[in-house]
Amino acid sequence: MKDFWRGLLATLTLAPGVVAFGLLYGMMARQAGFTHWEAWAMSLIVHAGSAQFTALGMWGNTNALPIILTTLIVNLRHLLMGASVAPYLRELSPLWKAILALWMADESYALAIAEYERGRGNHRYFLGANVGIYLAWGTSGLVGALLGTTIPDPTRYGLDLVFPLGFLGLLTTFLENRTGVTVALASGGLALLGALLLPGKWNIIVAGLLGSGLGLLLEEVKAAWKKS
């Protein structure tokens with residue numbers, strides 16, 4: 001239980017960003033025509049900020065299938081996240097793996113993988129981080145929905161900037177060497193270029209895959225250089 005609470009408490013540093021983004025989601029969901037209970041249920045069931053905002057943007061303009069397919073594409077990054085953390089979970093039962101995968105969010109993944117790389121991570125810490133983010137996201141989504149349309153344009157207060165700024169903060173924990181910096185800069189550049197050339201959110205997926213491939217190539221080159 002000690003590691004669970006350690007993971008749960010670690011999310012407190014990220015909670016302000018999660019809460020601000022959750023409030024924005026809740027208010028925008030009400031403006032899209034959701035009841036506060038429907039908005040809250042979406043946060044609890046979907047538990048994916050980018051997918052939920054994507055769904056809101058498409059709500060009322062198309063049927064269910066395009067929304068499902070688009071949000072699936074947006075969340076394909078979880079395949080990359082899962083692949084990177086999988087080596088640390090090999091000894092766990094399928095049930096544990098399913099529980100961790102179900103609740104894994106970008107923020108809890110970042111906290112967990114950083115602890116694994118430091119040699120202090122385990123599945124209980126990972127679960128604690130997952131639960132902490134889940135509680136912050138679900139609660140803030142409900143509060144935002146209850147606020148409803150009392151704030152006509154929540155983006156004017158800069159709430160929409162909190163989420164990307166939070167991710168920039170998470171990114172800095174992985175920039176420990178030249179390889180990490182190179183991959184981060186290359187992935188960012190590819191994502192910006194892809195946004196100009198590719199439809200929808202494919203730029204995120206393509207940049208993630210190419211960036212991962214670049215990281216693997218650089219690690220192989222580094223290993224070969226050390227052997228020579």
Which pair of heavy atoms, one from F126 and one from A112, lies closest together, and at what distance?
CD2-CB, 3.5 Å

Minimal non-hydrogen separation, Q52 against H47, with atom names
OE1-N, 3.4 Å

Counting heavy atoms not belonging to R6, are there more than 12 under 6.0 Å from its CZ?
yes

Side chains of F34 and W59: does their closest heavy-atom pair fall under 4.5 Å?
yes

Polar side-chain atom of N130 near backbone of L100 as donor-acceptor pair, under 3.5 Å:
yes

With no hydrogens and no angle check, is any side-chain donor or acceptor of W40 less than 3.5 Å from a backbone partner on G138?
yes

Interatomic spacing from CG in L23 to OG1 in T139 - rounded to 0.5 Å:
10.5 Å

Is a donor from one side chain sitting under 3.5 angstrom from an acceptor on the other, for E107 and T11?
no

If I compare all heavy atoms of G141 with all of S43, which pair ends up nearest, and what's the gap?
CA-OG, 4.2 Å

Side-chain heavy atoms of W96 within contact of L89, under 4.5 Å:
no

L111 CG to D106 CG distance, which is reported to the nearest 0.5 Å:
11.0 Å

Nearest 0.5 Å, please: how far is CD1 in I99 from CG in L92?
10.0 Å

Same apolar cluster: L95 and M104, side chain cutoff 4.5 Å:
yes

Do L135 and L142 land in one hydrophobic cluster if side-chain heavy atoms of ILVMFWY residues count as linked below 4.5 Å?
yes

Answer yes if L127 and L44 sit in the same cluster of Ile, Leu, Val, Met, Phe, Trp and Tyr residues linked by side chain heavy atoms under 4.5 Å apart, and no otherwise.
yes

Could you give the distance from OH (Y25) to CH2 (W137), rounded to the nearest 0.5 Å?
7.5 Å

Counting N and O atoms only, with roles assigned by atom type, does the side chain of S84 sit under 3.5 Å from a partner on the main chain of M81, one being a donor and the other an acceptor?
yes

Kindly determine whether V221 and L217 satisfy side-chain contact (heavy atoms from CB on, under 4.5 Å), including the steps that lead there.
CA-CA 6 Å; V221 170; L217 177 62; 4.3 Å; yes

Identify the two heavy atoms, one from A55 and one from M42, that lie closest to each other, and give their separation to 0.1 Å.
CB-CE, 3.6 Å

Can you find a side-chain donor-acceptor pair between S108 and Y134 that sits under 3.5 Å?
no

So, for G211 and S187, which heavy atoms are closest and what is the spacing to 0.1 Å?
CA-OG, 3.4 Å

Without swapping roles, check the side chain of R120 against the backbone of E115 for a donor-acceptor pair under 3.5 Å.
no

R118 CZ to I113 CD1 distance, which is reported to the nearest 0.5 Å:
11.0 Å

How far does CG of L147 sit from CG of L24, to the nearest 0.5 angstrom?
11.5 Å

Is there a path of hydrophobic side-chain contacts, each under 4.5 Å between heavy atoms of I/L/V/M/F/W/Y residues, joining W103 to M1?
yes

If Ile, Leu, Val, Met, Phe, Trp and Tyr residues are connected whenever their side-chain heavy atoms lie under 4.5 Å apart, and connections chain through other members, are V19 and L9 in the same group?
no

